[in-house]
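Quick note: residue numbers are just sequence positions, from 1. Basis for what follows: all heavy atoms, side chains included, without hydrogens, waters or symmetry-related copies.
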Amino acid sequence: MPKNSKVVKRELDDEVIESVKDLLSNEDSADDAFKKSELIVDVQEEKDTDVGERSEVKDERPAWNSKLQYILAQVGFSVGLGNVWRFPYLCQKNGGGAYLLPYLILLLVIGIPLFFLELSVGQRIRRGSIGVWNYISPQLGGIGFASCVVCFFVALYYNVIIGWSLFYFSQSFQQPLPWDQCPLVKNASHTFVEPECEKSSATTYYWYREALNISSSISESGGLNWKMTICLLAAWVVVCLAMIKGIQSSGKIMYFSSLFPYVVLICFLIRALLLNGSVDGIRHMFTPELEIMLEPKVWREAAAQVFFALGLGFGGVIAFSSYNKRDNNCHFDAVLVSFINFFTSILATLVVFAVLGFKANVINEKCIAENSEMIIKLVKMGNISQDIIPHHINFSAITAEDYDLVYDIIQKVKEEEFPTLHLNACRIEDELNKAVQGTGLAFIAFTEAMTHFPASPFWSVMFFLMLVNLGLGSMFGTIEGIITPVVDTFKVRKEILTVICCLLAFCIGLIFVQRSGNYFVTMFDDYSATLPLLIVVILENIAVSFVYGIDKFMEDLKDMLGFAPNRYYYYMWKYISPLMLLSLLIASIVNMGLSPPGYNAWMEDKASEKFLSYPTWGMVICISLMVLAILPVPVVFIIRRCNLIDDSSGNLASVTYKRGRVLKEPLNLEGDDASLIHGKISSELSSPNFGKNIYRKQSGSPTLDTAPNGRYGIGYLMADMPDMPESDL
């Protein structure tokens, strides 16, 4: 550098020093303590605190061992039991292959944008759901608490389903399978088939009587079912051991729990395609009914399935992404996981209807054989003339086409007398149209189909082990949605919190392993998550798009990803997604209001289900579940809006977030002023808090008149000096 340049630089430095001195001399004496504290932080803590905290960020926050482990965790969380026993049912019910079009459209409009949003905020702020929404706006901090409550409610009954799967898994190591035949009852004189089983079927009887030992109504508890209690305990022990070290322990298990279901589904598909009738099931499944696609109900159910299939609002997506590096390409992750989820649903649908097609073919052959014998008897008795039967028909080896021909001829000839003949049409389409979902598909229809498989115990073991793994993958994300935000907020030990959470959930979950427990599972499934999660995700969208600011968020994404996301997401987040979510919320409320609140109870004497309304106390529980799940949102808003809790009292309202640590606010200094001196990036600053504080802008900040709601507060610092004019800072 030339000598003259050095002289000019020295003169400029001198002028800067003199300017600083002038500023300091103009400050009044009341500010001495504040200025000294800044200088002390600058001189003494610049090396220790700043560098130390940077190392703490790297050391304290766990991280994924690899990108593959993270993707498998997100896939394991999003791909769950609903992909296997809910999506195929909706596909069949809502127009077959035509249902895939509205589902795919809504996946692009609601699913991927909102999934990308949750991944982004988790990765950017590196905290659980409570910390993320506190950071964006303390008034909306209740969103995170609501997510935790919903996660807890869902975990209570979701693990019960894993317990059921464990029970069936343990019973599958038998030949023949215990649900293959109806049990025989012996008395003093003779032996006969169990009446309840004879009126229904072997698999139905085994599910309701042997597995659940179900009562006749929700009011009859019937005491604990000890077999299911042990299975529930085993399920919670597995979850607890897997989650006790956080992602360090659960991440390794993901390699098996996320990949094994795909191995089983592919094996099932190959095996089912080799069975007679499987192609009929697949053809029936994907035959499009375009007229049904125009019904609003189809779009509402498709939107709800997209919403819940990706696990939006639970906090698990945010929790998992918070362990990522800041520069991870979460946009790629969002698109990849969403389409993996979609194609998994398609694969599961192929498997389910290939197997159900085989089952329908077996039942149809049995129906044809029984009705052929009835026709032969009617011919011998003279009720049907032999002349109307085509000569080429051989009843001892009759095909489905020949039976249809004979059935149609008899129906036309004996038009008036036909109902008294009690003949069945025996069409495979009628059997395939008996849509089943949920437990009815997994524990009744599918188990019945597997009894006809060669080596049926092997396939039963594989199927229920797959259900266990699908359930565990979702449970890991659900529990992570509780543990991570609580640990980030209150700094309790993860191991202790995990054990307490699992133990408490098991104790409360005992209501689900009573003889009436299945009815409580239905209640929680219908009322604890649907509306609260929709409200949570709507508030998440509003918080990012309108409170924090969509333009600022897009800039954050550009800084984090290294490229600007497509403007498509800007319009989705700001306009389309909120409107779609509000429409879905209104439609869900209307549908819930029109559908009478109740459950299907198993009537032992009739061996069939009967719809019953909830008693008064049951309705109170249903309403309480929805209210408790969403209650944290208004409570936290009112507390922080009205300053009902003093910021300096050391309670929840005085907790702020800084670099992954929780700090209690001191009485005289509520911001990290070292941030201003050291020039730290805005994402490392403590989140804005409420109280009688003023906001000091960083250099270069735009002049904005904002309330302390966090929309622009991420770049602001706070000091407990309300009488100090802003110009003095």
Item checked: Set of side-chain hydrogen bond (donor to acceptor under 3.5 Å, both in side chains) partners for Asp525, sequence neighbours left out -> Tyr157
Item checked: Residue list, side-chain hydrogen bond (donor to acceptor under 3.5 Å, both in side chains) with Asn364, at least two apart or on another chain -> none
Next item on the list: Check the pair Phe453, Phe358 against ring pair (Phe, Tyr, Trp, His ring centres under 6.0 Å), reporting the backbone distance first and the verdict last.
Entry: CA-CA 9 Å; Phe453 276 31; Phe358 163 70; 5.7 Å; yes
May I ask you to test the [X]-[Y] pair for a side-chain heavy-atom distance under 4.5 Å?
{"X": "Tyr255", "Y": "Leu68", "value": "yes"}
{"X": "Tyr575", "Y": "Ser545", "value": "no"}
{"X": "Ile130", "Y": "Cys148", "value": "yes"}
{"X": "Thr203", "Y": "Trp207", "value": "no"}
{"X": "Phe260", "Y": "Leu470", "value": "no"}
{"X": "Phe464", "Y": "Asn469", "value": "no"}
{"X": "Gln74", "Y": "Leu119", "value": "yes"}
{"X": "Asn541", "Y": "Val537", "value": "no"}

Next item on the list: Would you please classify the geometry between the Phe553 ring and the Tyr548 ring as parallel, tilted or perpendicular, with 30° and 60° separating the classes?
Entry: perpendicular
Is there a donor-acceptor pair under 3.5 Å between the side chain of [X] and the backbone N or O of [Y]?
{"X": "Trp64", "Y": "Ala73", "result": "no"}
{"X": "Ser278", "Y": "Leu274", "result": "no"}
{"X": "Ser321", "Y": "Ile318", "result": "yes"}
{"X": "Asp559", "Y": "Glu555", "result": "no"}
{"X": "Ser338", "Y": "Val335", "result": "no"}
{"X": "Trp573", "Y": "Pro113", "result": "yes"}
{"X": "Gln69", "Y": "Met254", "result": "no"}
{"X": "Asn94", "Y": "Leu90", "result": "yes"}
{"X": "Thr447", "Y": "Ile444", "result": "yes"}
{"X": "Ser456", "Y": "His452", "result": "no"}

Donor + acceptor pair across side chains of [X], [Y] (<3.5 Å):
{"X": "Asn83", "Y": "Ser345", "value": "yes"}
{"X": "Gln123", "Y": "Asn328", "value": "yes"}
{"X": "Tyr262", "Y": "Thr344", "value": "yes"}
{"X": "Ser129", "Y": "Ser147", "value": "no"}
{"X": "Asp280", "Y": "Asn361", "value": "no"}

Can you name the closest pair of heavy atoms from [X] and [Y] and give their distance?
{"X": "Ile428", "Y": "Ala360", "answer": "CG1-CB, 3.7 Å"}
{"X": "Pro261", "Y": "Phe256", "answer": "CD-O, 4.2 Å"}
{"X": "Ala587", "Y": "Arg300", "answer": "CB-CD, 3.5 Å"}
{"X": "Ala235", "Y": "Ile162", "answer": "CB-CG2, 4.1 Å"}
{"X": "Trp133", "Y": "Leu140", "answer": "CB-O, 3.6 Å"}
{"X": "Trp299", "Y": "Met293", "answer": "NE1-O, 2.8 Å"}

Nearest 0.5 Å, please: how far is [atom2] in [Y] from [atom1] in [X]?
{"X": "Leu117", "Y": "Ile550", "atom1": "CG", "atom2": "CD1", "value": "7.5 Å"}
{"X": "Met572", "Y": "Asn566", "atom1": "CE", "atom2": "CG", "value": "10.0 Å"}
{"X": "Leu441", "Y": "Leu356", "atom1": "CG", "atom2": "CG", "value": "6.0 Å"}
{"X": "Asp327", "Y": "Met560", "atom1": "CG", "atom2": "CE", "value": "9.5 Å"}
{"X": "Leu269", "Y": "Leu350", "atom1": "CG", "atom2": "CG", "value": "6.0 Å"}
{"X": "Trp164", "Y": "Leu166", "atom1": "CH2", "atom2": "CG", "value": "12.5 Å"}

Notebook entry, point to check: Charged N to carboxylate O under 4.0 angstrom, Asp488 versus Arg126?
Noted result: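 Result for this pair is no, no salt bridge flagged.
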Checklist line | Criterion side-chain contact (heavy atoms from CB on, under 4.5 Å) on Ile479 and Cys151, from CA distance to verdict | finding: CA-CA 7 Å; Ile479 297 297; Cys151 278; over 6 Å; no
Item checked: Phe332, CZ atom: more than 12 neighbouring heavy atoms under 6.0 Å -> no
Next item on the list: Would you check, one step at a time, whether the test side-chain contact (heavy atoms from CB on, under 4.5 Å) holds for Val150 with Ser528?
Entry: CA-CA 7 Å; Val150 173; Ser528 69; over 6 Å; no
Margin query: Show, in sequence, the C-alpha distance, side-chain angles and deciding distance for Tyr103 and Phe87, and conclude whether the ring pair (Phe, Tyr, Trp, His ring centres under 6.0 Å) test is met.
Written below: CA-CA 10 Å; Tyr103 185 89; Phe87 185 89; 5.0 Å; yes
Next item on the list: Please assess Met450 against Phe458 for the test side-chain contact (heavy atoms from CB on, under 4.5 Å), listing each intermediate value before the final yes or no.
Entry: CA-CA 10 Å; Met450 286 187 295; Phe458 169 77; over 6 Å; no
Notebook entry, point to check: How would you list, by chain and number, every residue that makes a salt bridge (charged side-chain N to carboxylate O under 4.0 Å, His left out) with Lys325, sequence neighbours excluded?
Noted result: none
For the residue pair [X] and [Y], is the inter-centroid distance of their aromatic rings smaller than 6.0 Å?
{"X": "Phe446", "Y": "Phe463", "value": "yes"}
{"X": "Tyr70", "Y": "Phe320", "value": "no"}
{"X": "Phe512", "Y": "Phe524", "value": "yes"}

Margin query: The test is ring pair (Phe, Tyr, Trp, His ring centres under 6.0 Å); show your working for Phe116 and Tyr569 and say whether it passes.
Written below: CA-CA 9 Å; Phe116 180 31; Tyr569 292 104; 5.0 Å; yes
Note to self: Do Arg86 and Tyr89 form a cation-pi contact, if we require the NZ or CZ to be under 6.0 Å from the six-membered ring centre and within 45 degrees of the ring's axis?
What the structure shows: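 Relative to the ring axis of Tyr89, which defines the angle, Arg86 lies outside at least one limit.
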Check: What do the steps show when you test Ser322 against Ile125 for side-chain contact (heavy atoms from CB on, under 4.5 Å), and what is the final call?
Finding: CA-CA 7 Å; Ser322 70; Ile125 303 173; over 6 Å; no
Item checked: Stepwise ring pair (Phe, Tyr, Trp, His ring centres under 6.0 Å) check, Tyr599 with Tyr614 -> CA-CA 7 Å; Tyr599 60 99; Tyr614 287 117; 5.3 Å; yes
